[in-house]
Amino acid sequence: MRQEIVPIHSFECLTNEILELTFTSDYLASVAKPGQFINIRVDNNFPLLRRPFSIFNIDGNKISIVFNVIGTGTRVLAKKRKGDTIDILGPCGNDFLTFANGEYDTAIFVGGGIGVAPFPFLTKHFPSDKKITTYLGARHKELIVTKGLKNVNISTDDGSDGFHGTVLDLVKDDFKKHDYGKTRFFICGPTRMMKAVAEFANNRNSDCYASLETDMACGIGLCQGCNIETNGGTKKYALVCKEGTIFETRTVKLQ
Amino acid sequence: MRQEIVPIHSFECLTNEILELTFTSDYLASVAKPGQFINIRVDNNFPLLRRPFSIFNIDGNKISIVFNVIGTGTRVLAKKRKGDTIDILGPCGNDFLTFANGEYDTAIFVGGGIGVAPFPFLTKHFPSDKKITTYLGARHKELIVTKGLKNVNISTDDGSDGFHGTVLDLVKDDFKKHDYGKTRFFICGPTRMMKAVAEFANNRNSDCYASLETDMACGIGLCQGCNIETNGGTKKYALVCKEGTIFETRTVKLQ
Amino acid sequence: MIESFKLKNVEFKNRVLVASGTFGYGDEVSDLVDIGKLGGIVTKSLSMKPRDGNPNPRITETASGMLNSIGLANIGVEKFISDKIPVLRKHNTIIIANIAASSIEEYCSVLEMLEPLSGVHGFEINVSCPNVKEGGLSFGTDVKLVGRITKELRRRTQKPLIIKLTPNVTHISEFARVCESEGADAVSVINTLIGMSVNINARKPKIATTTGGLSGPAIKPIALAKVYETRNAVKIPVIGIGGICSWEDAVEFFIVGASMVQIGTANFVNPSTGITVAEGIKQYCQKNDIDDVGKIIGTLQTNKTISIIDSWL
Amino acid sequence: MIESFKLKNVEFKNRVLVASGTFGYGDEVSDLVDIGKLGGIVTKSLSMKPRDGNPNPRITETASGMLNSIGLANIGVEKFISDKIPVLRKHNTIIIANIAASSIEEYCSVLEMLEPLSGVHGFEINVSCPNVKEGGLSFGTDVKLVGRITKELRRRTQKPLIIKLTPNVTHISEFARVCESEGADAVSVINTLIGMSVNINARKPKIATTTGGLSGPAIKPIALAKVYETRNAVKIPVIGIGGICSWEDAVEFFIVGASMVQIGTANFVNPSTGITVAEGIKQYCQKNDIDDVGKIIGTLQTNKTISIIDSWL
Ligand SMILES: Cc1cc2nc3c(=O)[nH]c(=O)nc-3n(C[C@H](O)[C@H](O)[C@H](O)COP(=O)(O)OP(=O)(O)OC[C@H]3O[C@@H](n4cnc5c(N)ncnc54)[C@H](O)[C@@H]3O)c2cc1C
Ligand SMILES: Cc1cc2nc3c(=O)[nH]c(=O)nc-3n(C[C@H](O)[C@H](O)[C@H](O)COP(=O)(O)OP(=O)(O)OC[C@H]3O[C@@H](n4cnc5c(N)ncnc54)[C@H](O)[C@@H]3O)c2cc1C
Ligand SMILES: Cc1cc2nc3c(=O)[nH]c(=O)nc-3n(C[C@H](O)[C@H](O)[C@H](O)COP(=O)(O)O)c2cc1C
Ligand SMILES: Cc1cc2nc3c(=O)[nH]c(=O)nc-3n(C[C@H](O)[C@H](O)[C@H](O)COP(=O)(O)O)c2cc1C
Ligand code: FES
Ligand code: FES
């Protein structure tokens with residue numbers, strides 16, 4: 001893990017609402033794993049705290065993240081230009097690949113909204129002996145990003161793209177039509193969506209690995225601010241930034 | 001006086017250190033007078049308070065200011081681009097032209113560092129029956145801006161441009177060589193320089209009008225934070241933002 | 001949609017006022033701000049005699065805040081009556097005269113001069129002033145003195161009497177309680193926090209008086225906690241003040257229990273903040289089918305399963 | 001150039017420590033930060049039994065600051081001794097154990113367990129904890145209890161004893177005085193300020209415990225004023241804490257009278273802040289021909305012509 005000041009290589013609009021920001025870092029490119037995140041200081045003074053972003057892709061020494069503008073930090077980030085620098089700290093958190101091996105046929109990726117972020121990088125490095133099916137859900141079509149994904153099924157709340165409904169409805173619908181064999185779920189998105197999808201997966205006796213999101217002050221285990229209640233472990237709480245962000249959903253209380 | 005969100009029309013580097021920012025405002029262009037200032041909210045959140053800048057020039061509906069990066073606010077301002085908007089409040093303060101008429105032959109303009117800012121606009125509108133001689137002093141040559149000025153004499157602390165020494169030394173030197181007849185001084189710059197020049201002027205029985213600088217929270221008379229001690233008026237203090245920024249130097253305590 | 005709020009016999013058209021010392025006497029910015037849209041104006045603190053105020057520098061910026069030590073520079077109550085009240089009368093809004101003093105007698109005298117005037121609708125008492133008899137210690141940190149001030153002023157006015165509390169105390173609720181029991185109609189929470197800032201090159205304080213009052217967004221979390229503590233201690237209305245810049249900020253104060261809010265430092269940045277806040281609150285209520293802003297007040301849902309003893313920081 | 005500072009029998013290689021609760025036990029970031037360059041590490045508060053801490057959410061950002069209510073989640077003193085001290089010993093820096101407790105007896109027992117260990121060089125006592133016997137009121141707001149805690153702990157340790165004061169009181173200097181007279185070697189000023197923040201959509205507090213502790217640049221002006229007040233009241237060293245992000249911030253604290261400083265929230269943003277601050281101070285001194293950082297301490301030049309009675313805000 002390192003703190004680095006890195007130059008922005010490019011900015012691209014993936015949709016009208018989603019931006020892909022690419023920067024250069026030899027170090028990060030050489031060590032980061034799918035599912036890990038980086039913590040960005042978007043500006044010198046304001047906001048105070050870093051903002052966590054999943055690694056969306058790594059290509060050579062180019063690392064990219066995707067985001068949409070929802071508040072102060074992402075607004076500042078969206079104003080950066082090619083050639084500006086950003087202050088990053090990472091890679092943080094555990095990675096999806098640790099949970100990729102095992103006895104199952106199809107890996108089911110479910111991304112809700114900007115929760116799609118870790119999946120392209122994961123797709124790229126996923127064990128090639130597994131099939132992958134991807135489900136994306138979002139409020140509307142401008143929040144749908146399919147770049148770098150395989151076998152994508154789309155749902156939107158307003159029906160502007162793909163299936164009209166929630167991503168869980170889409171999954172259920174699709175599972176009726178196809179036989180994916182033994183499955184394992186890898187999910188990321190709003191907690192409510194993850195809770196619902198995890199229940200579905202666990203009910204089918206599939207393991208479900210979720211990348212969780214909480215407010216974070218440090219992202220590296222210093223502040224103990226990112227706790228989540230565990231399900232009957234030895235400790236009452238786990239730290240999302242350090243012990244996660246990826247947890248098997250039966251081990252934590254999603255709420 | 002109005003608060004407006006205005007578009008940035010252009011950015012120009014006048015020297016390696018001094019930027020000219022031009023924006024568009026029909027209203028301001030129609031009412032602002034030389035010596036007045038505008039108060040800029042450089043960003044939505046940080047820094048909290050507006051930053052005051054003298055009007056450097058008005059051309060049609062284009063208004064410009066000049067500045068160098070010295071801290072948080074000017075750093076943010078320097079990152080703006082053509083097409084971005086800024087939030088301005090103005091025009092604020094009194095104007096130099098109120099003090100331009102009278103019985104004297106030559107108007108002596110003295111600008112210290114970025115204190116040159118109000119003089120181009122003042123030069124443009126100065127009563128044509130007066131002669132103008134301008135003196136600029138700065139630490140080094142990258143802080144010297146002559147755009148829009150008349151009969152300019154330059155001094156720098158390090159000798160990198162013009163006379164090697166303070167601007168007061170330059171004035172004294174030049175006054176020995178020329179006869180400017182009856183003079184009136186119009187000055188702007190660091191307080192210490194203004195104090196010295198004002199003494200010189202007042203000793204010659206010249207009126208001296210100085211545009212003062214203090215920290216300001218509001219710039220419009222609400223906070224009472226910008227006080228300066230007066231010289232035996234009915235009130236102990238005057239508000240620089242509202243009763244000034246321009247004062248005859250005998251009426252206030254420069255320190 | 002009901003925006004108004006009634007305090008004693010005075011009706012405020014909405015719940016957003018501008019705070020003392022941050023809006024002059026309402027006549028500085030009448031070209032910038034449509035003052036008739038404000039719930040009310042709290043005047044700069046008025047003392048018996050005019051006050052020049054403190055030497056410069058009087059203000060300095062801090063992270064998301066500012067320090068000030070204006071020294072209650074004001075024109076004095078007589079000049080206020082002769083020069084400002086005629087102007088203030090023209091504004092279609094409520095005028096609350098804020099009073100500062102260095103003795104209980106002075107508080108009483110200033111209030112007595114203003115009480116008969118119809119241009120003054122109520123009083124806010126700034127108790128963050130040095131008590132000359134006690135060598136300059138602030139009235140506002142002595143619960144007995146705050147009680148006595150309230151009692152003496154209450155006897156002298158039929159108009160709304162609001163005591164403005166200082167946050168620089170251990171338990172602000174004790175102060176609110178004594179104000180309530182001595183007959184105050186409301187308390188304003190909070191005045192500025194004591195702070196300082198240093199010019200490291202000169203090794204001098206950045207404001208002439210060494211310490212000053214901290215205000216602005218930086219103090220909003222503290223102000224919210226103080227309003228919440230006060231609201232849980234008294235039944236009289238609490239007026240929330242501290243770092244409010246937007247309608248969202250104001251709604252936070254309403255939710256924790258403020259009945260009205262005041263805008264201070266934000267006026268320096270956007271003089272029309274009071275109006276945009278009032279309009280934002282109205283729109284928020286309309287969108288959420290809330291027919292009276294009052295229905296938001298004190299609606300905070302706390303986690304009842306956490307006891308005080310468990311809630312270590 | 002002398003950077004070091006001696007407190008009782010312990011020599012800190014420089015005057016910059018990392019604050020309790022913001023640097024774990026020093027083992028989280030040893031790959032990111034060269035810990036040997038820090039003046040010292042103050043550990044997360046330790047209690048007798050391990051503590052799970054509070055439910056989530058525990059933190060939220062505010063303007064130039066943050067609120068936290070971690071609930072003193074910690075591994076307990078026994079596990080600290082068995083698991084952490086061996087690791088901490090390897091760092092070439094001073095280790096100050098911070099102790100939290102809900103009774104005076106618990107403070108004493110934790111300290112007694114740590115006193116014999118050479119891996120612990122001194123103690124900082126967190127008195128911002130709820131006193132279970134008094135229904136959860138904080139020890140830190142009761143001057144008698146702070147005195148008793150100091151007295152009891154002083155009898156039990158030969159090592160530096162630092163009491164960490166809460167700013168949530170009217171006169172912090174009263175607390176510093178009692179610490180001094182009961183034998184404390186230093187006081188740390190300040191812990192967090194009580195604050196809150198509201199999610200207006202859910203109408204819920206943004207942290208589970210409703211109120212939490214405010215820290216970060218927002219509180220720096222308040223912390224400076226508290227350090228200044230404390231320094232003028234006692235002769236024992238004051239350790240300045242609150243919003244320090246840069247060496248310039250640290251120098252402000254030195255000038256108002258802090259003998260050492262601690263870095264808290266800034267560690268979350270830049271884990272190596274402590275080191276950049278220490279290096280910045282060194283360079284500042286070298287540039288200005290100051291041969292001992294100690295020569296900056298308490299050098300504030302105030303405006304003596306302004307009396308307290310005149311210094312109204
Ligand atoms: C491990 C991790 C990985 C992440 N990866 C990504 C990513 O790849 N791309 C991306 O766009 N975002 C990602 N996020 C979320 C991202 O960090 C937040 O969107 C960002 O911090 C918001 O910052 P802001 O300053 O713009 O918003 P703020 O100003 O902090 O918040 C603005 C508003 O949005 C609300 N808000 C804040 N965060 C969220 C949230 N997560 N969901 C819903 N509402 C919220 C706030 O309550 C507030 O009302 C990730 C978060 C975590 C913890
Ligand atoms: C009426 C008026 C008109 C002005 N016109 C102009 C103008 O046309 N062009 C221009 O560039 N500036 C002008 N200024 C000064 C300008 O407002 C300040 O430079 C600006 O506020 C600095 O903001 P900042 O956030 O970049 O610096 P800050 O972060 O606020 O300060 C950075 C550092 O610089 C120091 N500093 C701040 N202000 C000054 C100062 N004025 N002189 C010396 N040191 C200072 C601070 O103490 C601090 O150490 C004017 C000021 C006034 C009052
Ligand atoms: C420059 C300035 C002057 C002030 N003057 C007064 C005053 O005269 N009387 C008073 O009761 N409060 C005064 N205050 C305090 C404000 O009314 C308000 O309580 C405080 O600033 C907190 O609110 P804010 O964070 O919105 O500014 C003043 C505040 C500032 C910033
Ligand atoms: C997340 C967090 C946890 C903290 N935990 C402790 C603690 O366990 N014990 C303690 O004495 N102080 C604790 N503090 C207070 C800090 O040590 C420090 O006094 C305070 O944050 C002010 O400094 P800062 O503004 O630099 O953060 C904590 C602060 C934060 C932000
Ligand atoms: S975010 Fe600080 S410990 Fe996880
Ligand atoms: S800057 Fe506020 S009154 Fe002058």
Side-chain angles (χ1 to χ4, degrees), chain C residues 54-55 62-65 67-72 100 102 128-130 132 135-136 141 168-170 192-198 200 203-205 208-214 217-222 224-225 228 243 248 251-252 255-256 299-303 306-313, chain D residues 54-55 62-65 67-72 100 102 128-130 132 135-136 141 168-170 192-198 200 203-205 208-214 217-222 224-225 228 243 248 251-252 255-256 299-303 306-313:
Chain C
N54 291 332
T62 66
S64 298
L67 287 168
N68 90 79
S69 145
I70 307 300
L72 297 178
S102 50
S128 308
C129 304
V132 168
T141 59
N168 301 301
V169 296
T170 314
T192 53
L193 285 136
I194 295 171
M196 70 189 282
S197 184
V198 177
I200 62 171
R203 298 203 191 161
K204 284 187 180 164
T209 49
T210 306
T211 57
L214 184 66
I219 70 166
K220 195 184 72 172
I222 301 173
L224 282 165
Y228 184 65
E248 289 95 333
V251 169
E252 282 194 72
I255 291 173
V256 301
T299 55
L300 187 76
Q301 294 165 38
T302 56
N303 187 336
I306 305 174
S307 76
I308 300 180
I309 292 180
D310 274 344
S311 65
W312 294 23
L313 293 182
Chain D
N54 291 330
T62 67
S64 297
L67 286 169
N68 89 79
S69 147
I70 308 300
L72 297 179
S102 51
S128 308
C129 303
V132 169
T141 59
N168 301 300
V169 296
T170 313
T192 53
L193 285 136
I194 295 171
M196 70 189 284
S197 184
V198 178
I200 61 171
R203 297 202 192 162
K204 284 185 180 165
T209 49
T210 306
T211 56
L214 184 67
I219 70 167
K220 194 184 73 171
I222 300 172
L224 282 165
Y228 184 66
E248 290 95 334
V251 170
E252 282 193 72
I255 291 173
V256 303
T299 55
L300 187 75
Q301 295 165 37
T302 56
N303 187 336
I306 304 175
S307 76
I308 301 182
I309 292 180
D310 273 344
S311 67
W312 294 21
L313 294 180

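Within every chain, numbering begins at 1; the chains are lettered A, B, ... in the order of the sequence lines, protein sequences first and strands thereafter.
Nearest approach of Asn303(D) to Ala208(C), heavy atoms of both residues: CB-O, 3.5 Å. In terms of heavy-atom proximity, Ala225(C) sits nearest to Met196(D) at N-CG, 3.5 Å. The two residues Gln301(C) and Lys204(D) have their closest heavy-atom pair at O-CG, 3.6 Å.
Of the atoms belonging to Val256(D), it is side-chain heavy atoms, and not backbone ones, that fall under 4.5 Å from chain C. Using a 4.5 Å cut-off between heavy atoms, Leu214(D) touches chain C through its side chain atoms alone. For Ile255(D), the part lying under 4.5 angstrom from a heavy atom of chain C is the side chain only.
Chosen from Ser64(C), Pro217(C), Pro221(C), the residue pairing most often with chain D at heavy-atom distances under 4.5 Å is Pro221(C). Highest contact tally toward chain C, considering only Thr62(D), Thr299(D), Leu67(D), Thr141(D), is held by Thr299(D) [criterion: heavy-atom pairs under 4.5 Å]. Per-residue heavy-atom pair counts under 4.5 Å with chain D were compared for Ser197(C), Gly243(C), Gly65(C), Ala63(C), and the maximum is reached by Ala63(C). Among Ile219(D), Leu300(D), Thr302(D), Val251(D), the residue with the largest count of heavy-atom pairs under 4.5 Å with chain C is Leu300(D). The residue among Val169(D), Thr210(D), Val198(D), Leu224(D) with the most heavy atom pairs within less than 4.5 Å of chain C is Val198(D).
Rounding to the nearest 0.5 Å gives a distance of 10.0 Å between OG1 of Thr192(C) and CD1 of Ile222(D).
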